[in-house]
Engineer: 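Below is a structure I'd like to ask you about.
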Amino acid sequence: MTVTRFAPSPTGYLHVGNLRTALFNFMIARKSGGKFILRLDDTDQERSKQEYVDGIQRDLEWLGIEWDVVERQSTRLDRYEAAAQKLREIERFYECFETPVDLDLKRKKQLNMGKPPVYDRAALELSPTERDALRTERAGHWRFLLNQTRINWTDQILGDISIDAASVSDPVLIRGDGQFLYTLASVVDDTEMGVTHVVRGSDHVTNTATQIQIMESLGFDAPTFAHHSLLTGPQGEALSKRLGTLALRDLREQGVEPLPLLSHMARLGSSENVELMHSMQDLIDGFDLTSFGAAPTKFDVADLFPITGRYLAAQEYAAVSDSIAALGVPADIGEAFWETIHGNITTRHDLADWWALCRDGAEPVIAEEDREFIAAAMALLPDAPHTDATWGEWTGTVKAATGRKGKGLFQPLRRALTGQDAGPVMAKLLPLLQVIKAKG
Ligand code: GLU
C-alpha cells in the first residue's frame, strides 16, 4: 500500500510552499487508495507550539486535505533513542564536543583554503580520556558516521541523483541538550510507519542522501523519493523570506477559496496548464507527479484571485447562501441577489459592496451633458417594487421620450443608478435596488 506523509514542524503557520508538499503527498496517497499521515515534527520543544498544531490542522481541514492518522514526534522519543543505541552498537555514531564557535572557525578556515566546509571528523581522534575530560566541560552532540561513497537514487521528479557522501558533513542527529534532530527522527518514522513515498521540497536533497545511509545502516530499505522545486516570486526572486506573508490563513482571510487555490497549486510547475477543477476528486484524478519539473516554480499570489472569481461565478446559491445571509440580505431576495452579482465578484468580500449598493443606493455619477436626460428618465421610472421587466419597459419609454438609444441611453442610466461604468445586468439589478438616490 502506498503510504505518504506531510511532516510540518509546528513552529509556524502553513504557507503556500508547505501547501505544495501537503497536496502532493495527499494526492499520491488518495490516487492509489493509500494512507496519508500528518506527522508533526515537534521534537524542538522550545519552538513547537500547540497554537501552530491547531493552525496547521485548521488550514488542512479548510482545504479538505484529510489525513488518515496524525503522529507527533514528541511522543516517539523512545523509538529515536533505540535507533541511536543501535547506531552506537554498529559504530556509526560518535560523540563530538565542538562548540558552534569552534565549528564556525573550522568552516572559515576550510573556505579560506578553498576547501568545502565539511566536518573534519576531529572527534573521531579523541582518546577515551580526552572524551571524558571534555564531557565534564560540556555535553556532547552525536554525529552519524557517513560511509564516504556515492549515494544514488532515482528521484521521481529530479531523475537520477548521485551525491558524494565525502562532500557532506556527518549529520548531527542528537544535540548537546539531548534533543533528537529531524534527520534521525524522520528516518525512524519513515521506516517504522511504512512510508513508501517521501515527497518534499528540493531543499531536502542532501538530507535525503544522508537519510538513505542511515536507513540502510539500521537495516531498512529506502522509500521512493521525490523532491519538488521550490517556489520563487513572480520575478524568480527567492520566496523564503516572504513565505511568512503567504500563510494559508492570510489567503483565507483575503477571500481565496480552497478549490481554486488547490487547482492552482496542483498544476503550478507542471507541464499541464492550470485548470479550475470542480472537485477534490477531479484534482486527484488529474494529478501526475511525473509532469513536474525540477526548475524553480514562479508563484504570484495575484494569480489566485481571478481563479477564485471564476470559481465563485460558477457556484450555486446554496454554496454561498450563508455568506449572503450573514450580510443581512433578506431571505426572499438572497437568491436573486446572488444570481445578479455572481459574475461580478472576485472574492466573497465583494458581496458586501454589492449588498451595500443595493441596500443604500449608490452615489449617482452623472456627466454634465446628461443632467437633463437623467432628470427626465428618473421622472419616468415607476415606483418600486420593480421586476425583471421594469428595466426593459422603462428604458423603452425613456428612449421614446428622449430619442436616445444604445450606449448613450444605457450607460448614463447605469452610472446614475450604480455609480459605476460596469456591473451586473441592469434588468436584474434594478429590482434589488432598495434605494435609488438619483431619483431624489
Ligand atoms: N519537518 C520537515 C520540514 O518541514 C520535514 C521534511 C520532510 O518531509 O522530511 O522541512
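What you see is a predicted model, and the numbers here were worked out from it, not measured in a lab. Whatever order the structure lists ligands and atoms in, that order sets their numbers, starting from 1.
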Engineer: Say whether Trp153 and Asp155, considering side chains only, have a donor N or O and an acceptor N or O under 3.5 Å apart.
Structural biologist: yes

Engineer: Answer with side chain, backbone, both or neither: which part of Tyr182 has a heavy atom less than 4.0 angstrom from an atom of ligand 1?
Structural biologist: side chain

Engineer: Checking a contact table here: which protein heavy atom is nearest atom 8 (O) of ligand 1, and how many Å away?
Structural biologist: Arg5 NH1, 2.6 Å

Engineer: For atom 5 (C) of ligand 1, grab the closest protein heavy atom and report residue, atom and distance to one decimal in Å.
Structural biologist: Ala7 O, 3.1 Å

Engineer: Any nitrogen or oxygen of Arg39, side chain or backbone, less than 3.5 Å from one on ligand 1?
Structural biologist: no

Engineer: I'd like to check which ligand 1 atoms, numbered from 1 as shown, lie under 4.0 Å from a non-hydrogen atom of Ser186.
Structural biologist: 9 (O)

Engineer: Is there a donor in the side chain of Thr99 and an acceptor in the side chain of Asp102, or the other way round, less than 3.5 Å apart?
Structural biologist: yes

Engineer: Please identify which of these residues, Trp142, Phe180, Tyr182, meets the ring pair (Phe, Tyr, Trp, His ring centres under 6.0 Å) condition with Tyr80.
Structural biologist: Phe180

Engineer: What's the shortest distance from atom 10 (O) of ligand 1 to any protein heavy atom, and which residue and atom give it?
Structural biologist: His204 NE2, 2.9 Å

Engineer: At less than 4.0 angstrom from any non-hydrogen atom of Asp41, what atoms of ligand 1 do you find?
Structural biologist: 1 (N), 2 (C), 5 (C)

Engineer: Can you confirm if the NZ or CZ of Arg39 lies within 45° of the ring axis of Phe6 and under 6.0 Å from the centre of its six-membered ring?
Structural biologist: no

Engineer: Any Lys/Arg nitrogen of Lys108 or Asp104 sitting under 4.0 Å from an Asp/Glu carboxylate oxygen of the other?
Structural biologist: yes

Engineer: Check this for me, if you would: do Glu257 and Arg252 make a salt bridge, where the nitrogen-to-carboxylate-oxygen distance has to be below 4.0 angstrom?
Structural biologist: no

